[in-house]
Amino acid sequence: MRISNLLIPTLREIPAEAEIPSHRLMLRAGFIRKLAAGIYSYLPLGLKTLKKVENIIREEMDRAGAQELLMSALLPAEAYQVSGRWDVFGPAMFRLKDRWGRDFCLGPTHEELFTQTVINEVRSYKEYPMTLYQIQTKYRDEARPRFGVMRSREFIMKDAYSFDRDSAGLDESYKKMYDAYCRIFTRLGLDFTIVDADSGAMGGSGSQEFMVKSPVGEDGIAYCNKCSYAANYEKAVCMPSEKPFPEGDFDIEKVQTPNVHTIDELVAFFNAKPHMFAKTILYKADDKYIAAMVRGDREINEVKLKNLIGCTDDLVLAEPHMVREITKADVGFAGPVGLEIEVIADLEVAQMKNFIIGANETGYHFKNANINKDFTPSRIADIRTIESGDACPRCGAPIETAQGIEVGHIFKLGTKYSDSLGLTYLDENGKSQTVIMGCYGIGVTRCLAAAIEQNYDENGIIWPVSIAPYHVIVMPVNAKEDAQMQAAEKIYENLKAAGIDALLDDRSERPGVKFKDADLIGIPVRIVVGKKIGDGIVEYKLRTENVAVEKTIDRAVSDAIEFVKARL
RNA sequence: CGGGAUGUAGCGCAGUUUGGUAGCGCAUCUGGUUUGGGACCAGAGGGCCGCAGGUUCAAGUCCUGUCAUCCCGACCA
């Protein structure tokens with residue numbers, strides 16, 4: 001493509017709305033434009049890149065034996081009403097009515113519709129196993145769309161669903177998708193980590209997330225560099241760590257602690273370490289109130305707590321007036337002694353000795369508290385968030401933590417949708433059996449942002465060759481010099497003939513403008529045609545390198561072709 | 001949904017405190033000189049100052065409301 005014929009509206013200045021690198025660069029390089037919060041248009045360069053990502057995903061899904069189909073994004077309410085998710089999604093689902101007043105939604109995810117399709121179309125058990133997928137636009141009315149296409153309200157997703165006769169079959173289908181995902185993200189040039197994920201309210205027997213480590217990631221992940229353990233914060237198993245406590249058989253003692261509320265203030269008041277306190281936090285779980293205890297230097301993981309107690313609604317901090325009613329003290333003085341609600345203590349609390357807790361009386365704490373002597377929690381469980389340096393639950397080495405962008409999620413669903421929608425089959429003996437399902441998602445548009453987050457510098461994007469909108473840019477320094485322009489045209493035509501996506505910067509801009517644009521849009525290979533063209537010499541530079549090398553025309557072309565083909 | 005901030009030309013911003021002809025840089029268009037890392041000179045076009053009310057002789061500026069966007073948090077199959 002000639003740049004003079006291509007819409008590449010690059011921006012010199014960073015739009016004020018963008019915060020993270022991928023969002024800024026996609027705007028500046030002319031890949032996307034915003035229509036409304038969380039809704040974007042893809043301009044020619046953005047669409048070209050998007051299509052390349054889609055094609056890699058499509059090739060690998062097909063290779064894994066999945067079949068592509070395409071459903072509408074505009075969906076009737078019935079299937080979601082039957083599965084119960086018409087209510088579960090709440091305000092996150094875009095809803096609308098047709099002219100007759102019938103309910104529709106814009107599909108946020110398609111488990112119900114794929115299940116329905118299989119119910120309608122599959123006649124015999126002999127057709128299983130089967131995996132169906134689509135690459136399609138999804139709609140979720142996010143409470144807070146942000147970071148450009150990283151979390152948007154309209155986005156493109158590859159969603160796949162597997163249907164098996166039994167759980168052994170599901171394991172096999174799941175493994176195929178797992179392997180396909182590894183190939184896909186490798187081909188996309190992403191450095192990814194696979195973590196165990198929380199199954200949560202979805203139930204099922206397992207789930208893993210494909211995470212791209214990045215400071216702008218919205219999820220916390222824990223991983224071990226010694227063994228292969230990796231999990232997200234909600235799933236990571238926390239091993240209790242040993243800490244020193246005062247030795248001896250002390251009796252619990254009430255201490256006046258005026259104006260001391262936070263752990264920091266307690267540390268100063270008692271001249272002790274944060275781990276020598278236990279904090280007691282009150283939560284509202286569905287219709288009841290509970291207390292959760294963790295060591296003073298730890299954080300409660302609310303997802304773990306929610307899963308533990310089987311809370312169906314949101315688990316939220318108790319309102320201050322309820323804290324006062326339950327503890328009979330101001331917020332900041334809650335403790336387990338004498339509390340009449342359920343108390344759930346973290347595993348580490350069980351190892352503490354002679355520690356400090358709130359006294360359920362404004363202005364007082366207890367010191368020398370001991371578990372099972374001064375109070376007895378109703379449950380002791382892993383309810384804290386893992387931290388860097390914790391022992392790996394598998395091998396004991398120190399755990400590392402990082403932020404990650406979730407680009408893929410694979411899930412053993414089990415029978416949730418086949419049960420609620422009635423997807424069964426007759427086996428060889430004429431007996432009715434429930435189909436076992438899995439679901440597998442990739443955030444296609446999010447992959448674009450993730451790829452940029454991992455590949456950019458101060459000058460712009462550095463696309464991996466496999467998804468670069470164009471592979472090579474040919475740039476005559478001065479488009480008015482016939483010799484330069486003619487040579488550039490020839491190089492461009494030769495590259496195209498070899499199947500390379502080539503760009504010709506035929507604009508009569510000054511060289512600086514062209515260099516800046518080429519770097520900004522991140523084309524992997526640059527061939528500059530300058531004054532030495534009289535000697536048949538051009539300049540060859542990779543976007544990842546700082547220096548250019550001079551080559552003959554033929555050599556530059558053949559090197560570029562070889563470089564690109566080796567990385568597709 | 002809680003907390004914070006911002007809406008002025010395509011983009012980035014000043015002007016709002018103290019009401020009085022709407023500005024700057026970049027981009028765009030014309031002419032000329034330039035051509036190896038975002039050129040220079042001369043000229044030109046482009047605005048319902050987010051929107052709606054109100055106060056005032058007079059509102060970008062003050063008041064009320066409203067909408068939008070961004071950030072932190074909550075939420076996120």
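The structure displayed is predicted, hence computed values, not measured ones.
Distances shown here put a side-chain N or O of A:Arg510 below 4.0 Å from the OP1 or OP2 atom of B:A39. Between B:U35 and A:Lys480, no contact under 4.0 Å exists linking OP1 or OP2 to a side-chain N or O. Regarding contacts with the backbone of B:G38, every side-chain N or O of A:Arg12 stays at 4.0 angstrom or more from both OP1 and OP2.
For A:Thr415, the side chain to side chain contact (heavy atoms under 4.5 Å, CB included) criterion is met by A:Ser418, A:Asp419, A:Thr434, A:Ile436, not counting sequence neighbours.
Looking at heavy-atom distances under 4.0 Å, A:Glu481 makes no contact with the nucleic acid at all. Looking at heavy-atom distances under 4.0 Å, A:Asn459 makes no contact with the nucleic acid at all. At a threshold of 4.0 angstrom between heavy atoms, the contacts of A:Arg526 include nucleobase atoms, whether or not backbone atoms are also involved. At a threshold of 4.0 angstrom between heavy atoms, the contacts of A:Met93 with the nucleic acid are absent. Backbone-only engagement by A:Lys34 is indicated by non-hydrogen atom pairs under 4.0 Å involving sugar-phosphate atoms exclusively. Residue A:Tyr80 is classed as having no contact, given no heavy-atom separation below 4.0 Å to the nucleic acid. Within 4.0 Å (heavy atoms only), A:Glu218 reaches no atom of the nucleic acid at all.
When the C1' atom is compared between B:U18 and B:G25, the two are found 27 Å apart, to the nearest whole Å. Nucleotides B:G47 and B:G23 are separated by 11 Å at their C1' atoms, to the nearest Å. Taking atom C1' in both B:U8 and B:G15, one finds a spacing of 9 Å when rounded to whole Å. For the P atoms, the distance linking B:U28 with B:U69 amounts to 29 Å, nearest Å. Atom C1' of B:C29 sits at a distance of 15 Å from the matching atom of B:A9, rounded to the whole Å. A distance of about 7 Å separates the C1' atoms of B:C63 and B:U55, rounded to the whole Å. B:U56 and B:A74 have their C1' atoms separated by 45 Å, with the value rounded to a whole Å. One P atom belongs to B:C72, the other to B:G65, and the distance between them is 28 Å to the nearest Å.
Relative ring orientation between A:His409 and A:Phe411 is described as tilted, the plane-to-plane angle lying within the 30° to 60° band. Aromatic ring orientation, A:Tyr440 versus A:Tyr181: perpendicular (interplanar angle above 60°, classes split at 30° and 60°). Ring orientation note: the planes of A:Tyr139 and A:Phe94 are nearly perpendicular, at an angle over 60° on the 30°/60° scale.
For B:G38, its base sits under 3.5 Å from the side chain of A:Arg28 at one donor and acceptor pair at least. One can find a donor-acceptor pair under 3.5 Å joining the base of B:G38 and the side-chain atoms of A:Asp517. With hydrogens and angles ignored, a donor-acceptor pair closer than 3.5 Å exists between the side chain of A:Arg151 and the base of B:C76.
B:C76 atom P lies 13 Å from atom CG of A:Asn232, rounded to whole Å. Residue A:Glu509 contributes atom CD, which lies 13 Å from atom C1' of B:U34 at whole-angstrom precision. What separates CD of A:Glu234 from P of B:A74 is a distance of 11 Å, to the nearest Å. When the P atom of B:C76 is taken as reference, atom NE2 of A:His409 falls 13 Å away, rounded to whole Å. With rounding to whole Å, A:Leu315 atom CG is found 11 Å from B:C76 atom P. We find that NE2 of A:His23 is positioned 11 Å from C1' of B:U69, with the value rounded to whole Å. Atom P of nucleotide B:G37 and atom CG of A:Leu520 are separated by 18 Å, given to the nearest angstrom. The distance between atom CZ of A:Arg153 and atom C1' of B:U69, rounded to the nearest whole Å, is 11 Å.
Separating the CG atom in A:Asn455 from the OG atom in A:Ser22 is a distance of 11.5 Å, to the nearest 0.5 Å.
Minimum atom distance to the side chain of A:Val513 is reached by B:A39, of the listed B:A74, B:U69, B:A39. Checking B:G36, B:U69, B:C75 against the side-chain heavy atoms of A:Ala37 singles out B:U69 as nearest.
Inspection of the A:Gln136 and A:Asp159 side chains reveals no N or O donor paired with an N or O acceptor under 3.5 Å.
Across every strand in view, B:G47 sits unpaired, with no contact that passes the Watson-Crick or G-U test at under 3.5 angstrom. Pairing for B:C11 goes to B:G25, judged as Watson-Crick or G-U wobble with the two contacts each under 3.5 Å. Using the Watson-Crick or G-U wobble rule with both distances under 3.5 Å, B:G19 pairs with nothing in any strand shown. Summarising the base pairing, B:A42 is matched to B:U30 through a Watson-Crick or G-U wobble pair whose two defining distances lie under 3.5 Å. Base pairing analysis places B:G2 opposite B:C72; the two distances defining the Watson-Crick or G-U wobble pair are each below 3.5 Å.
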Please list each protein N or O that sits under 3.5 Å from an N or O in nucleotides 10-12 of chain B, with the distance.
| from | atom 1 | to | atom 2 | distance (Å) |
| --- | --- | --- | --- | --- |
| B:C11 | O2 | A:Glu13 | OE1 | 3.4 |
| B:G12 | OP1 | A:Ala16 | N | 2.7 |
| B:G12 | O2' | A:Glu13 | OE2 | 3.4 |

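When the shell of 6.0 Å around CG of A:Asn546 is examined, it contains 12 or fewer heavy atoms from other residues, nucleotides or ligands.
In terms of position along RNA chain B, the nucleotide closest to A:Val528 lies nearer the 5' end than the nucleotide closest to the other residue of the pair A:Lys306 and A:Val528.
Between the side chain of A:Asn232 and the backbone N or O of A:Ala197, no donor-acceptor pair lies under 3.5 Å.
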Donor-acceptor pairs are to be reported for all side-chain atoms of residues 29-43 of chain A against protein atoms at under 3.5 Å, with residues two or more places apart or in another chain.
| from | atom 1 | to | atom 2 | distance (Å) |
| --- | --- | --- | --- | --- |
| A:Arg33 | NH1 | A:Leu27 | O | 2.7 |
| A:Arg33 | NH2 | A:Pro9 | O | 2.7 |
| A:Lys34 | NZ | A:Glu17 | OE1 | 3.3 |
| A:Tyr40 | OH | A:His23 | NE2 | 3.3 |

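Considering A:Arg526, A:Lys551, A:Lys532 in turn, A:Arg526 is the only one that fulfils the salt bridge (Lys or Arg N to Asp or Glu O under 4.0 Å) rule with A:Glu539.
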